[in-house]
Amino acid sequence: PSHAALKVDEHEVDWRTLCDRTRRAATAVKGLGIGPGDMVGLVPAPREGLVRDIHAISWTGAALAVPALAETQVAITDAAMAMEPAPERFWPLDEVRLRVSTSGTTGEPKVVDLTTGQLAFSAFGSAIRLGHLREDRWLCCLPFNHVGGLSVVYRTAFYATTMVLHDGFDRDAVNSALDSGSVTQVSLVPTMLHRLLEVRGNRPFHQNLRVVLLGGAPASDELLKAAHAAAVPVATTYGMTETASQVATSAPGVIRPAGEIGPPLPFVRVSTRGPCLTVHGPVARGTVVSNDRGYANRGIVRVEGRADDVILSGGELVDPLRVESVLVAHDGVLEAAVIGVPDLDWGQRVEAVV
């Protein structure tokens with residue numbers, strides 16, 4: 001109970017305090033007539049209050065929905081802290097905890113409901129792969145409108161460890177936190193890691209940092225080589241909103257070629273259906289057929305891009321990721337995105353934004 005649950009700037013809240021505040025906030029939410037089956041969005045709140053309110057909505061049996069998907073939006077004020085704490089409530093494994101939208105690059109985002117069971121099996125599978133220490137402190141600088149950031153809230157609650165919460169990604173602030181030795185884990189997308197290394201060169205991170213969970217987008221060979229040179233304990237990961245984030249993750253510090261992720265998490269099986277990856281198990285509530293091209297061979301998952309990203313030009317299939325990897329290898333190119341543009345002669349022509 002006295003262990004730190006949340007650190008915001010220099011302020012820490014222990015689990016006893018966070019639990020008490022959560023239960024009082026849950027009483028306020030229930031007083032609005034909210035309960036199991038409801039989809040509730042939060043009016044933006046200070047970071048410490050936001051974590052409390054996410055748990056308070058779960059405590060009532062309702063699901064947290066990103067605001068655009070919510071039936072009701074609530075703002076929990078400090079006055080709620082004077083209310084009586086709500087009684088203990090178990091979370092059924094099949095009860096919906098989150099309603100979020102996918103972060104796909106094309107088309108309309110897909111609405112996904114995630115259950116307690118999906119979040120729990122994802123968290124436990126991740127802990128088995130990455131390790132679990134009582135002293136762990138997970139730095140979250142990802143937004144809470146996608147599963148990558150929200151999953152850290154639930155993982156640290158299931159683990160009874162500490163979440164270090166930043167207000168978005170600030171390169172200097174994140175580097176400073178990692179150098180301080182107070183952070184053991186951090187979730188990053190490749191662009192974030194690139195920006196951190198850009199100012200560090202090969203200067204090593206603090207020895208207490210044991211996991212850099214790297215996902216959300218493909219990591220280039222150049223970035224992975226730079227991370228290896230700086231002895232960054234990268235754990236590359238592939239996941240989906242539909243599976244509560246991680247599907248396959250490498251062990252920390254095991255650098256694999258770009259696109260080759262690593263083995264599936266415990267409780268997860270990956271197979272191929274046609275050209276696309278299919279995920280089986282409790283994190284998928286059965287089976288999810290992805291839109292990601294790849295294969296699983298000898299226990300290693302490889303991702304080769306999105307099926308709907310392939311460019312058909314003059315009858316030839318062009319993989320944009322392969323073109324991008326060539327472009328970013330040039331010293332004058334920091335980042336690149338390759339897309340198909342409609343063309344009367346070729347159907348599509350290949351264009352690059354650099």
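Note that the numbering runs from 1 along the sequence shown for the chain.
- Under 4.0 Å is where a charged nitrogen must lie from a carboxylate oxygen, and between Arg137 and Glu135 no such pair does.
- No continuous path of ILVMFWY side-chain contacts below 4.5 Å connects Val186 to Leu6, so the two sit in separate hydrophobic clusters.
- For NE2 of His3, the number of neighbouring non-hydrogen atoms (other residues, nucleotides, ligands) closer than 6.0 Å is greater than 12.
- Note on Val268 and Ile128: same hydrophobic cluster, where clusters join Ile, Leu, Val, Met, Phe, Trp and Tyr whose side-chain heavy atoms are under 4.5 Å apart, directly or indirectly.
- Remark: side-chain polar atoms of Asp170 are paired, donor with acceptor, to backbone N or O of Ala173 under 3.5 angstrom.
- Across every non-hydrogen atom of Glu222 and Ala329, the tightest pair is OE2-CB, 3.7 Å.
- Of all non-hydrogen atoms in Ser122 and Val283, the two that sit nearest each other are N-CG1, 3.7 Å.
- Within a 6.0 Å radius of NE2 in His330, no more than 12 heavy atoms belonging to other residues, nucleotides or ligands are found.
- With salt bridges taken as basic N to acidic carboxylate O contacts below 4.0 Å, none links Glu198 and Arg200.
- Checked for salt-bridge contact, Asp179 and Arg203 meet the test: a charged N lies under 4.0 Å from a carboxylate O.
- For the residue pair Arg155 and Ser187, the shortest heavy atom distance occurs at NH1-OG, 4.4 Å.
- No donor-acceptor distance shorter than 3.5 angstrom exists from the side chain of Thr60 to the backbone of Gly35, with no hydrogens or angles considered.
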So Trp138 and Leu130, side chain to side chain contact (heavy atoms under 4.5 Å, CB included) or not? Walk me through it. CA-CA 12 Å; Trp138 200 311; Leu130 303 178; 4.2 Å; yes

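- Here Arg256 pairs with Ser250, Val254, Glu260, Pro263, Ile300 under the side-chain contact (heavy atoms from CB on, under 4.5 Å) rule; sequence neighbours left out.
- The shortest distance between side-chain heavy atoms of Val112 and Thr102 falls below 4.5 Å.
- A salt bridge is absent between Arg16 and Asp20; no separation between the charged side-chain nitrogens and carboxylate oxygens falls under 4.0 Å.
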Could you walk me through whether Tyr238 and Asp292 pass the side chain to side chain contact (heavy atoms under 4.5 Å, CB included) check? CA-CA 10 Å; Tyr238 159 71; Asp292 298 301; 2.8 Å; yes

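- By the rule that hydrophobic residues join a cluster once side-chain heavy atoms approach within less than 4.5 Å of another member, Leu64 and Leu50 end up as members of one cluster.
- For the pair Tyr154 and Ile54, the minimum side-chain heavy-atom distance is below 4.5 Å.
- Arg134 contributes atom CZ, which lies 8.5 Å from atom OG1 of Thr162 (distance to the nearest 0.5 angstrom).
- Salt bridge annotation for Arg302-Glu304: present, with a cationic side-chain nitrogen under 4.0 angstrom from a carboxylate oxygen.
- Nearest approach of Ser182 to Ala177, heavy atoms of both residues: OG-O, 3.9 Å.
- The backbone N or O of Val13 lies less than 3.5 Å from no partner atom in the side chain of Thr17, so there is not a single donor-acceptor pair.
- Between Lys110 and Glu242, at least one side-chain nitrogen of the basic residue sits less than 4.0 Å from a carboxylate oxygen of the acidic one, meeting the salt-bridge criterion.
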Could you check Ser180 against His206 for side-chain hydrogen bond (donor to acceptor under 3.5 Å, both in side chains), going step by step and ending with a plain yes or no? CA-CA 7 Å; Ser180 71; His206 197 283; over 6 Å; no

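- Heavy atoms from other residues, nucleotides or ligands lying under 6.0 Å from CH2 of Trp91 number more than 12.
- Asp14 and Ser2 form no side-chain donor-acceptor contact under 3.5 Å, judged by distance and modelled atom types alone.
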Dump the intermediate steps for side chain to side chain contact (heavy atoms under 4.5 Å, CB included) on Val8 and Val51, then the final yes or no. CA-CA 11 Å; Val8 178; Val51 174; over 6 Å; no

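- To the nearest 0.5 angstrom, Leu93 atom CG is 12.0 Å from Arg285 atom CZ.
- Taking the side chain as every heavy atom from C-beta outward, Arg52 and Ile76 approach each other to under 4.5 Å.
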Between Phe124 and Phe267, is a ring-ring contact (aromatic ring centres under 6.0 Å, His included) present by the stated rule, with each step listed? CA-CA 9 Å; Phe124 301 149; Phe267 318 116; 7.6 Å; no

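- Taking OG1 of Thr287 as the start and CZ of Arg269 as the end, the distance is 10.0 Å to the nearest 0.5 Å.
- Counted within 6.0 Å of CG on Asp172, heavy atoms from surrounding residues, nucleotides or ligands total more than 12; the atom is thus considered enclosed.
- A single hydrophobic cluster is seen to contain both Phe169 and Val189, as judged by linkage of ILVMFWY side chains at heavy-atom distances under 4.5 Å, directly or through other members.
- Atom-to-atom distance recorded for Ile34:CD1 and Ile57:CD1 is 7.0 Å, nearest 0.5 angstrom.
- Residue Arg195 holds its CZ atom at 8.5 Å from CZ of Arg171, rounded to the nearest 0.5 Å.
- Between the side chain of Trp15 and the backbone N or O of Thr161 there is at least one donor-acceptor pair closer than 3.5 Å.
- Under the 4.5 Å side-chain criterion, counting only non-hydrogen atoms from C-beta, Val303 is not in contact with Arg293.
- Side-chain contact between Val234 and Leu193: present, with at least one pair of heavy atoms (C-beta onward) separated by less than 4.5 Å.
- Put simply, the side chain of Ser245 does not reach to within 4.5 Å of the side chain of Gln118, judged on heavy atoms.
- Residues Val212 and Leu188 form a side-chain contact, since some pair of their non-hydrogen atoms from C-beta on lies under 4.5 Å apart.
- Side-chain atoms of Asp343 never come within 3.5 Å of backbone atoms of Gln348 as a donor-acceptor pair (strictly under, hydrogens ignored).
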Dump the intermediate steps for side chain to side chain contact (heavy atoms under 4.5 Å, CB included) on Leu32 and Val74, then the final yes or no. CA-CA 9 Å; Leu32 300 172; Val74 298; 3.6 Å; yes

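- Residues Val323 and Leu223 do not share a hydrophobic cluster, clusters being chains of Ile/Leu/Val/Met/Phe/Trp/Tyr side chains in contact below 4.5 Å.
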List the steps and the verdict of side-chain hydrogen bond (donor to acceptor under 3.5 Å, both in side chains) for Gln246 and Ser126. CA-CA 7 Å; Gln246 292 168 258; Ser126 179; 2.9 Å; yes

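- With sequence neighbours left out, the side-chain contact (heavy atoms from CB on, under 4.5 Å) criterion links Met83 to Thr27, Ala28.
- No donor-acceptor pair under 3.5 Å is formed between the side chain of His146 and the backbone N or O of Gly148.
- In this structure, the side chain of Thr272 does not engage the main chain of Thr278 through any donor-acceptor pair within 3.5 Å.
- For CZ of Arg89, the number of neighbouring non-hydrogen atoms (other residues, nucleotides, ligands) closer than 6.0 Å is greater than 12.
- Atoms OH and NE2, from Tyr159 and His132 in turn, are 7.5 Å apart once rounded to the nearest 0.5 Å.
- The closest side-chain heavy-atom distance from Val232 to Leu197 is below 4.5 Å.
- Checked for salt-bridge contact, Asp113 and Arg97 miss the test: no charged N lies under 4.0 Å from a carboxylate O.
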